[in-house]
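Heads up: the structure comes next, in structure tokens.
Protein chains get the first letters and strands the later ones, always in sequence-line order, with residue 1 at the start of each.
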Amino acid sequence: MSETSRPLNFIERIIEEDLKSGKVNTIHTRFPPEPNGYLHVGHAKSIWLNFGLAQRYGGTCNLRMDDTNPEKEDEEYVESIKADVQWLGYQWDGEVRYASDYFDQLYDWAVYLIQQGKAFVCDLNAEEMRQYRGTLNEAGKESPFRTRSIEENLDLFERMRAGEFADGSRTLRAKIDMASPNINLRDPVLYRIKKATHHQTGDKWCIYPSYDYTHGQSDALEYISHSICTLEFEDHRPLYDWCIQNLPVPAEPHQYEFSRLNLNYTVTSKRRLKQLVVENHVDGWNDPRMPTISGMRRRGYTPKAIRNFCEMAGVTKVEGVVDLSMLEHAIRDDLNEISPRAMCVLHPLKVTLTNYPDDKVETMTAPVHPQNEAMGTREMPFCCEILIDQDDFREEANKQYKRLVLGKRVRLRNSYVIEADAAIKDADGNVIEVRARVIENTVGKDPADGVKAKGVIHWVSARENVDCEVRLYDRLFNDPAPDAGGKNYLEFINPHSLEILQGCKGEIGLANATLDDRYQFEREGYFVLDSKYSTPEKPVFNRVIGLKDTWEKAAS
RNA sequence: AGGGCUGUCGCCAAGCGGUAAGGCACUGGAUUUUGAUUCCAGCAUACCUAGGUUCGAAUCCUAGCAGCCCUGCCA
């Protein structure tokens with residue numbers, strides 16, 4: 001990731017121009033999630049963007065809970081959000097902020113707007129307000145309450161706050177323009193009555209400010225220089241600016257919009273993710289197949305890989321769909337570099353080495369990482385009974401097949417070359433054991449007779465190994481766009497997205513694996529202990545992602 | 001009486017009037033005790049369409065077309 005050579009994205013360009021012109025001196029950004037669900041890969045991009053920008057330009061980034069709707073929010077979510085941001089490698093400036101920290105100030109400013117004749121208490125109910133709003137093609141009508149006196153508005157607003165009126169019976173609205181082609185400017189609601197307990201402010205308030213009335217002022221109070229959000233808020237920018245211009249705020253922040261991240265074969269909407277969890281299509285919010293940050297964490301993705309992926313995908317206003325292969329590349333790229341290698345046989349097939357003494361045990365030494373000597377070496381016992389993968393043996397095969405074949409040779413990785421002599425089968429004709437011979441003096445060198453092995457396969461001692469469960473994951477959906485158009489994404493759930501393998505046998509070093517270690521099981525992929533089900537007695541490994549496999553593709 | 005935004009390779013994405021970067025994917029080939037990694041090579045006479053301006057246009061102008069967002073007291 002040569003961050004230095006990458007061309008600037010449009011937001012970086014704006015920032016550099018602002019810095020250069022002196023429009024701003026310091027960069028202050030913020031990541032403003034609503035604590036009403038778990039964060040997903042789309043939020044990861046926003047986190048990367050906001051925190052990354054602050055980092056790059058020597059500024060700071062706040063974490064602010066956009067908590068203006070107590071009915072949908074919960075403390076559980078704020079905790080998960082904090083954990084996710086930190087896991088991604090970022091630290092917010094100072095304390096976590098809450099839009100609710102500003103409720104008093106926001107209230108005072110609402111009173112100010114009323115005093116300026118720019119806001120009024122409206123008695124229209126939701127249905128009436130909809131009718132008065134007009135449509136996309138027709139101007140709206142002014143509320144009959146729009147002309148109330150400032151005194152009456154002040155009195156009514158105070159009583160709204162005091163709890164005298166029922167939920168939904170009145171609102172405070174900005175007085176802007178009912179004929180605006182931008183519906184957000186047709187006297188938008190600033191405050192609504194909700195007699196609900198708030199997770200931060202308890203029962204102090206029964207009126208709550210709307211997002212539009214809250215966001216810009218919160219930005220101003222935090223001296224946010226660049227308020228970055230997604231494209232759907234473009235139409236709200238005029239209202240954001242209206243509030244800033246009509247209120248005695250301490251700063252004049254600006255909003256910029258970029259396109260949200262879309263990934264194919266993936267669903268990212270809090271509503272849909274929640275349904276997957278609630279209806280038990282997955283094993284919780286952190287199911288390793290989920291695109292949630294907690295899911296990716298449990299799956300074994302690394303923060304660095306996710307950050308690199310965000311950078312690779314770029315920042316624009318084009319609404320595209322990023323190919324999953326780009327994410328997978330980022331994951332493999334990082335894992336390849338950092339992962340210790342190990343051997344683990346997923347579908348064990350016993351191989352008896354008939355010319356190797358039954359009581360002999362040799363210690364084989366192998367590099368922890370073939371491209372990085374500094375990572376050291378590891379050792380594993382070798383004896384006359386070993387296990388290889390069922391897929392790595394065939395009684396006969398064409399020359400494309402580079403594994404063990406009857407009468408042919410294969411290299412046991414980090415060990416001897418062996419030659420298969422016989423296949424022992426059960427009553428159903430399944431091969432249950434292979435008899436083979438070790439070719440002498442082939443550890444670290446080719447056979448003296450010049451007959452080289454065709455390929456290399458992994459193995460593990462049948463007598464000394466780590467028994468484990470392995471979970472193989474595949475994409476959660478079969479369809480590239482499971483929720484496009486009118487499609488019901490539940491119909492595209494991949495029935496083979498989770499395959500649980502029991503009785504897998506790993507090399508002995510795997511007994512020391514910790515939750516933080518990611519291994520490359522050679523020739524298989526990258527694996528990590530599952531934080532939910534793994535125990536010291538019974539390790540459970542998640543496959544983070546398979547190795548790139550050009551052979552399987554060519555063969556199929 | 002509609003408004004806002006976006007259209008460059010299969011997917012992301014540079015480009016900002018001087019003759020189409022890069023990444024992913026894909027295809028060859030080299031090295032390899034991982035069919036991995038690494039390495040090298042190939043991969044848009046073409047930039048939504050049609051006109052126009054210009055010596056020269058993906059970039060400027062005009063007219064279209066397509067997609068996304070907006071009619072919550074959600075964010």
Side-chain angles (χ1 to χ4, degrees), chain A residues 2 5-9 32-34 36 66-69 71-73 122 124-126 129-130 133-140 167-173 179-186 188-194 207-208 210-212 214-215 229-238 257 259 264 270 311-330 332-333 336-337 341 343 366 369-371 400-403 411-415 417 442-446 453 455-458 520-525 546-555:
Chain A
S2 49
S5 62
R6 169 175 65 77
L8 299 181
N9 62 50
E34 181 187 16
N36 68 342
D66 216 338
D67 56 350
T68 55
N69 189 351
E71 291 166 340
K72 294 187 174 180
E73 299 152 8
C122 184
L124 256 25
N125 64 33
M129 199 178 296
R130 188 176 310 128
R133 187 156 36 228
T135 69
L136 295 177
N137 297 304
E138 299 165 279
D167 282 18
S169 61
R170 283 181 226 259
T171 57
L172 181 73
R173 296 222 261 163
S180 173
N182 182 342
I183 289 180
N184 295 123
L185 261 22
R186 316 239 267 225
V189 169
L190 267 24
Y191 268 91
R192 66 287 210 207
I193 302 170
K194 279 181 192 288
I207 56 172
Y208 290 94
S210 62
Y211 164 85
D212 285 309
T214 306
H215 208 90
C229 62
T230 42
L231 254 27
E232 66 269 29
F233 291 101
E234 266 176 323
D235 289 341
H236 294 244
R237 185 160 17 103
E257 312 85 14
S259 57
N264 59 14
K270 284 178 182 172
E311 177 149 354
M312 251 186 269
V315 179
T316 66
K317 300 186 73 136
V318 183
E319 298 188 67
V321 180
V322 175
D323 201 300
L324 205 52
S325 66
M326 199 188 282
L327 207 209
E328 294 177 340
H329 170 81
R332 288 193 184 100
D333 194 41
N336 173 53
E337 192 179 323
R341 312 284 121 132
M343 292 196 283
H369 188 126
Q371 277 85 233
Q400 306 298 323
Y401 189 79
K402 306 200 318 189
R403 309 175 187 185
R411 157 76 63 186
L412 293 178
R413 167 134 256 234
N414 303 309
S415 183
V417 169
T442 51
V443 177
K445 55 188 84 164
D446 284 330
V456 182
I457 63 173
H458 56 101
Q520 185 197 93
F521 288 176
E522 293 184 286
R523 300 210 314 131
E524 292 289 356
L547 249 28
K548 211 171 139 186
D549 189 349
T550 49
W551 186 70
E552 199 160 58
K553 276 178 193 164

Subject >> Nearest-Å distance for atom pair NZ/P, residues A:Lys317 and B:U8 >> reply: 16 Å

**OP:** Say whether A:Asp323 and A:Ser325, considering side chains only, have a donor N or O and an acceptor N or O under 3.5 Å apart.
**Re:** yes

Original post:
Heavy atoms under 4.0 Å, any strand shown: does A:Arg403 hit a base, just sugar-phosphate, or nothing?
Top reply: base

**OP:** May I have the distance from A:Asn137 (atom CG) to B:G4 (atom C1'), rounded to whole angstrom?
**Re:** 14 Å

Original post:
When you compare B:G35 with B:A46, how far apart are their P atoms, in angstrom units rounded to a whole number?
Top reply: 42 Å

Every protein N/O lying under 3.5 Å from an N/O of nucleotides 58-60 of chain B:
none

**OP:** Report, as a single string ordered 5' to 3', how protein heavy atoms within less than 4.0 Å touch nucleotides 64-72 of chain B: B base, S sugar-phosphate only, - not at all.
**Re:** ----BBBBS

Original post:
Across the strands shown, which category fits A:Glu34 at heavy-atom distances under 4.0 angstrom: base, sugar-phosphate, nothing?
Top reply: sugar-phosphate

**OP:** Tell me which nucleotide among B:A75, B:C12, B:G35 gets nearest to the side chain of A:Val456.
**Re:** B:G35

**OP:** List in chain and number order the residues that pass ring-ring contact (aromatic ring centres under 6.0 Å, His included) with A:His215, two or more places apart in sequence or in another chain; answer none if no residue qualifies.
**Re:** A:Tyr211

Original post:
Between A:Lys402 (NZ) and B:U33 (C1'), how many Å, whole number?
Top reply: 11 Å

Original post:
Rounded to the nearest Å, what distance is computed from the CZ atom of residue A:Arg523 to the C1' atom of nucleotide B:U32?
Top reply: 14 Å

Original post:
Nucleotide by nucleotide, 5' to 3', does protein get under 4.0 Å of the base (B), only the sugar-phosphate (S), or neither (-) in nucleotides 18-24 of chain B, counting heavy atoms?
Top reply: ---B-BS

Subject >> Contacts of type side-chain contact (heavy atoms from CB on, under 4.5 Å), residue A:Asn36, not counting sequence neighbours >> reply: A:Glu34, A:Lys72, A:Glu73, A:Lys270

**OP:** For B:U59 and B:A14, measure between their C1' atoms and round to the nearest Å.
**Re:** 13 Å

Subject >> Pairwise P distance for B:C12 and B:C68, with rounding to whole Å >> reply: 15 Å

Enumerate all atom pairs, one protein N or O and one N or O from nucleotides 47-49 of chain B, separated by less than 3.5 Å.
none

Original post:
In whole Å, what separates the C1' atom of B:C61 from that of B:C9?
Top reply: 28 Å

Subject >> Phosphate OP1/OP2 of B:C74 contacted by A:Lys194 side-chain N/O (<4.0 Å) >> reply: yes

Original post:
Do we see A:Trp551 stacking on the base of B:G35, given a limit of 5.5 Å between centres and 30° between planes?
Top reply: yes

**OP:** Mind calculating the distance between NE2 (A:His369) and P (B:A36) to the nearest angstrom?
**Re:** 15 Å

